[in-house]
Amino acid sequence: MTLLVPTSLGTFVAHYSAQGLARLDFPNRPTSDDDGKSTAADLAPAQIRRWHTLTSKALNEMLAGRAPKSLPPLDISAGTQFQRRVWQALREIGMGTTKSYAQVADAIGKPRATRAVGGACGANPIPVLIPCHRVLAANQRLGGFGGGLDWKRRLLACEGIELFA
DNA sequence: TAAGTGCGTCGTT
DNA sequence: AACGACGCACTTA
């Protein structure tokens with residue numbers, strides 16, 4: 001089920017499964033899955049409405065540079081075991097701090113899988129709330145971003161993170 | 001600084 | 001078997 005999330009930087013698109021928030025798309029992005037239609041928030045089942053309220057608050061907090069107090073349940077069951085390990089590690093990177101791909105690889109006990117970590121970041125279904133934007137290339141350089149590098153820069157700027165020139 | 005080449009590495013398709 | 005949101009060690013402008 002798909003619901004819209006208006007924010008100061010555009011309207012994000014949230015997709016819910018029975019387990020929670022399953023995907024979050026940036027504004028103006030071709031709908032990758034689903035039927036492309038969104039459900040009016042007040043017509044959604046009560047549980048999804050509750051989750052959606054949390055999603056909306058959390059996302060707007062993030063974009064305002066504050067750490068969300070709570071998140072909806074995140075349904076990352078679609079990921080492989082490796083991807084889920086990476087995504088879990090990403091959730092442990094605090095607001096305003098960053099890690100390199102190599103540091104994330106270390107954190108999950110696979111110090112040589114740096115490139116594979118990049119792949120898992122790119123497959124992150126819930127950007128922003130699972131903060132893949134806090135993963136930079138070595139030496140505080142920008143690296144890549146599935147949602148477009150502009151978004152990565154913008155999200156980092158929200159958290160006051162400086163990049164290497 | 002910046003741009004290019006090459007290679008090790010490993011999960012995903 | 002081929003391909004990356006990597007990282008490192010280079011070389012060349």
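A note on names: the letters A, B, ... follow the listed sequences, proteins ahead of strands, and every chain is numbered from 1. Keep in mind it's a predicted model, so treat the numbers as computed, not measured.
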K.L.:
With a cut-off of 3.5 Å and sequence neighbours excluded, list every side-chain donor-acceptor pair involving residues 156-165 of chain A.
P.N.:
| from | atom 1 | to | atom 2 | distance (Å) |
| --- | --- | --- | --- | --- |
| E159(A) | OE1 | G96(A) | N | 2.7 |
| E159(A) | OE1 | R134(A) | NE | 2.8 |
| E159(A) | OE1 | R134(A) | NH2 | 3.4 |
| E159(A) | OE2 | H133(A) | NE2 | 2.9 |
| E159(A) | OE2 | R134(A) | NE | 3.1 |
| E159(A) | OE2 | R134(A) | NH2 | 3.0 |

K.L.:
Can we say K152(A) and D150(A) salt-bridge, meaning some charged N sits less than 4.0 Å from an Asp/Glu carboxylate O?
P.N.:
no

K.L.:
Distance check needed: dC6(C) P versus D106(A) CG, whole Å only.
P.N.:
16 Å

K.L.:
Can you check each nucleotide of nucleotides 6-13 of chain B against protein heavy atoms at under 4.0 Å and return B for base, S for sugar-phosphate only, - for none, in 5' to 3' order?
P.N.:
--BSSSS-

K.L.:
What contact category does G122(A) fall into here, base, sugar-phosphate, or nothing, at under 4.0 angstrom with non-hydrogen atoms?
P.N.:
base

K.L.:
Could you pull out all donor-acceptor pairs under 3.5 Å where a side-chain atom in residues 117-128 of chain A meets a protein atom, sequence neighbours excluded?
P.N.:
| from | atom 1 | to | atom 2 | distance (Å) |
| --- | --- | --- | --- | --- |
| N124(A) | OD1 | I126(A) | N | 2.9 |
| N124(A) | ND2 | I130(A) | O | 2.9 |

K.L.:
Whole angstroms only, please: what is the CG-C1' distance between L142(A) and dC6(C)?
P.N.:
14 Å

K.L.:
In what stems does DNA chain B take part, counting only runs of at least 3 consecutive Watson-Crick or G-U pairs whose two distances fall under 3.5 Å?
P.N.:
B:1-8 with C:6-13, B:10-13 with C:1-4

K.L.:
Hydrophobic cluster membership, with links at side-chain heavy-atom distances under 4.5 Å among I/L/V/M/F/W/Y: are L54(A) and L59(A) in one?
P.N.:
no

K.L.:
Please list all pairs passing the ring pair (Phe, Tyr, Trp, His ring centres under 6.0 Å) test where one or both residues lie in residues 62-102 of chain A, with sequence neighbours left out.
P.N.:
none

K.L.:
If Ile, Leu, Val, Met, Phe, Trp and Tyr residues are connected whenever their side-chain heavy atoms lie under 4.5 Å apart, and connections chain through other members, are L9(A) and L3(A) in the same group?
P.N.:
yes

K.L.:
Is there a donor in the side chain of Y16(A) and an acceptor in the side chain of T2(A), or the other way round, less than 3.5 Å apart?
P.N.:
no

K.L.:
What's G143(A) touching, base or sugar-phosphate or nothing? Going by heavy atoms closer than 4.0 Å.
P.N.:
nothing

K.L.:
Check for a donor-acceptor pair, side chain of R85(A) on one end and backbone N or O of I108(A) on the other, with a separation under 3.5 Å.
P.N.:
yes

K.L.:
Do V13(A) and V5(A) have side-chain heavy atoms sitting under 4.5 Å apart?
P.N.:
no

K.L.:
Which parts of nucleotides 8-13 of chain C does protein reach within less than 4.0 Å, heavy atoms only, written one letter per nucleotide 5' to 3' as B for base, S for sugar-phosphate only and - for none?
P.N.:
S-----

K.L.:
Any side-chain heavy atom of R141(A) within less than 4.5 Å of one from L136(A)?
P.N.:
no

